[in-house]
Amino acid sequence: MFVASHRFLPLEVLRVPHRIEDGDADGPVGFARLAPETGGGRGALFWPRPDDEGLAGQVPGRHELAGIPLFARILDADLLAGALPPGWQRDPVAGDAPVSIWRHEDGSILLPFDPGEAITQLWSEAYLAALGDEHGPSPSARAYYRVRPVLPRRMQIALRRSYARIQARREFPRWPAEPALHDLLGLVHGWLTEVAGGPVPWLSPWPDGYAWAVVLTHDVEMPAGQARIGVMRGIERELGHRSSWNFPALRYPVDEARVAELRQEGCEIGVHGAYHDGRDLESLPMLEERLPAMQAAAARWGAEGFRSPATQRSWALMPRLGFAYDSSSPDSDPYEPQPGGCCSWWPFFNGDLVELPITMPQDHTLFIILRRDGEKAWLEKARAIRERSGMALLLTHPDYLGTPEAAEPYRRTLATLGQDPTAWWALPREVAAWWRRRAESIPERDGEGWRVAGPAAGEAAVRLDAP
């Protein structure tokens, strides 16, 4: 449907049909170009190439576009005004805002930033630098987790609650939901529709006609949690759901009989780091030292996925884990030792690794640190995710919800969500495998309509509405 002079990441995320033709773009100097393949549209979409001189020396900063937080390098509006050929003018809706969209009399649209860079800034959490935050846990958080094993439980909770009041002051990403990334995708799809002069097809994020996804995962942190698996698993069994259970490779002796029982019931087993001390991804040498034990546990348990203890994350190191998927990145969570989030309610790729974001507030945060109504918070977030065709990935712990009384909000939440027939209840490995099939598929013309070509044919649906 489109021909692009350079890679344009939103096309890949949405799976919009396109091809890339090498060569200089036909348009303003220094810009990449995307236009309808067969003509008949209203001009083209332009955005700056990575080597544009106007971006040289810049680092992505924080900006705003149509009310959407935007982290990217931006071409100076005044310089553009003097450099663009006749026929271009600022979009009057944006006015003189620093991030001004430019429009040509032929219908073309020019962006002063690369939306792909803005998306990657969110996925990778590189935007934290623009906010003045360092990557990884703060020094005080590191110190706390080093001494936590020797602190009484009551003191641990008191310190976390005190620190949570500081963490709650963070303005971005908003908690419990930050729609910036999905709002940006919707904005880009609108621009594509404008230059195409008609509907733009893309692939639905979920297979078999499902409107959204629900994924149940558990981290079993301590032997006490392992002993309490039966309570939460019993609820799921009663309601007809499967789940994923993540165990640390070396922290305590894992009950292999219990692992086998879970697998026989159709559940999934994942690796939850080595010692659960938040240090597995501290550095490349540390990862290389611990990875053999984690991979051995994965082979023993048939595990395809990884969840980092304390949701410690490193965009550069995660692909080295060698797992099919990772599920360590929250969409938005200021209360974790490594605050931040990827802002995505869909899976995404980090190299060849599929990332499955944790998109529902964690039980420990809700029930113990914030002392909130967890059931209400879960259902409110699920509604927001469902409205955006997202994935409600829930992380809970038998360590904290392993008694019938404590697990009752979990039961009621699953029962309520289970009433929606449009939800795809899937295991993490099933979502990751689907996302790979979707990434290798594309809509293609079928007479006056569209069909899906690729390994997701027969599962995927073509959509023409805004994402």
Side-chain angles (χ1 to χ4, degrees), residues 2 4-11 23-36 41-133 171-173 178-197 343:
F2 290 105
S5 64
H6 295 74
R7 182 191 184 201
F8 193 59
L9 183 59
L11 297 178
D24 293 332
D26 180 17
V29 175
F31 283 83
R33 179 180 187 270
L34 178 151
R42 301 178 61 242
L45 180 68
F46 297 93
W47 70 97
R49 298 192 312 224
D51 58 354
D52 189 290
E53 293 182 0
L55 299 179
Q58 283 196 43
V59 295
R62 179 175 183 171
H63 309 276
E64 187 173 293
L65 175 62
I68 303 171
L70 183 74
F71 297 86
R73 296 174 297 166
I74 306 291
L75 292 176
D76 183 83
D78 293 333
L79 291 179
L80 276 176
L84 289 174
W88 288 97
Q89 63 178 354
R90 291 190 189 186
D91 188 330
V93 176
D96 293 331
V99 186
S100 298
I101 306 304
W102 296 74
R103 295 181 179 274
H104 194 270
E105 56 194 20
D106 69 358
S108 292
I109 300 172
L110 184 145
L111 311 178
F113 69 100
D114 177 4
E117 179 179 73
I119 291 170
T120 304
Q121 284 282 307
L122 296 177
W123 282 347
S124 65
E125 300 178 76
Y127 66 83
L128 293 171
L131 298 177
D133 290 351
E171 296 181 0
F172 187 91
E178 175 52 68
L181 189 148
H182 294 273
D183 287 346
L184 178 60
L185 281 174
L187 201 59
V188 172
H189 186 270
W191 293 327
L192 295 175
T193 300
E194 283 191 56
V195 300
C343 304

| How about Leu110 and Ile101: do any of their side-chain heavy atoms sit closer than 4.5 Å? | no

| field | Rounded distance [0.5 Å steps], CG in Asp51 versus NE2 in His6 | value | 6.5 Å

| Arg62: what forms a side-chain hydrogen bond (donor to acceptor under 3.5 Å, both in side chains) with it, not counting sequence neighbours? | none

| request: Please tell me if the side chains of Leu9 and Pro115 come closer than 4.5 Å, counting only heavy atoms from C-beta onward. | output: no

| field | Closest non-hydrogen atom pair between Ile109 and Leu111, with its separation | value | CG2-CD2, 4.0 Å

| task | Using the six-membered ring wherever Trp is involved, compare the ring planes of Phe71 and Tyr127 and label them parallel, tilted or perpendicular (cut-offs 30° and 60°). | result | tilted

| field | CD-SG distance between Glu125 and Cys343, expressed to the nearest 0.5 angstrom | value | 8.0 Å

| field | Point-to-point distance, once rounded to the nearest 0.5 Å, from CG of Leu55 to CG of Leu75 | value | 4.5 Å

| request: For the pair Leu34 and Trp47, evaluate side chain to side chain contact (heavy atoms under 4.5 Å, CB included) and give the outcome as yes or no after the intermediate values. | output: CA-CA 9 Å; Leu34 178 151; Trp47 70 97; 3.6 Å; yes

| message | Could you measure the distance from the OG atom of Ser124 to the CD1 atom of Ile119? Nearest 0.5 Å is fine. | response | 11.5 Å

| request: Locate the shortest heavy-atom distance separating Ala66 from Leu187; write the atom from each residue and the value. | output: CB-CD2, 4.5 Å

| Taking every non-hydrogen atom, the tightest pair across Leu80 and Pro112 | CD1-CB, 4.0 Å

| said: What I'd like to find out is whether the side chain of Phe113 reaches to under 4.5 Å of the side chain of Pro60, using heavy atoms alone. | reply: no

| message | So, using salt bridge (Lys or Arg N to Asp or Glu O under 4.0 Å) as the criterion, who are the partners of Arg103 when residues are at least two apart? | response | Asp91, Glu194

| task | Can you measure from CG (Leu45) to CZ (Phe2) and round to the nearest 0.5 angstrom? | result | 8.5 Å

| said: Rounded to the nearest 0.5 Å, what separates atom CD1 in Ile68 from atom CG in Leu185? | reply: 9.5 Å

| said: Does atom CD (Gln89) have a neighbourhood of more than 12 heavy atoms from anything else shown, all under 6.0 Å? | reply: no

| said: Between Leu11 and Leu192, does the side chain to side chain contact (heavy atoms under 4.5 Å, CB included) criterion hold? Intermediate values first, please. | reply: CA-CA 10 Å; Leu11 297 178; Leu192 295 175; 3.8 Å; yes

| Contact summary for Ala196 and Pro36, nearest pair of heavy atoms | CA-CG, 3.9 Å

| task | Return the minimal non-hydrogen interatomic distance between Pro10 and Val188, and the atom names on each side. | result | CB-CG1, 3.8 Å

| Using the ring of each side chain (for Trp, its six-membered ring), is Phe46 parallel, tilted or perpendicular to Phe31, with breaks at 30° and 60°? | perpendicular

| field | Any donor-acceptor N/O pair, Ser5 side chain to Ala32 backbone, under 3.5 Å | value | no

| Closest heavy-atom pair and its distance - Arg90, Ala77 | NH2-CB, 3.2 Å

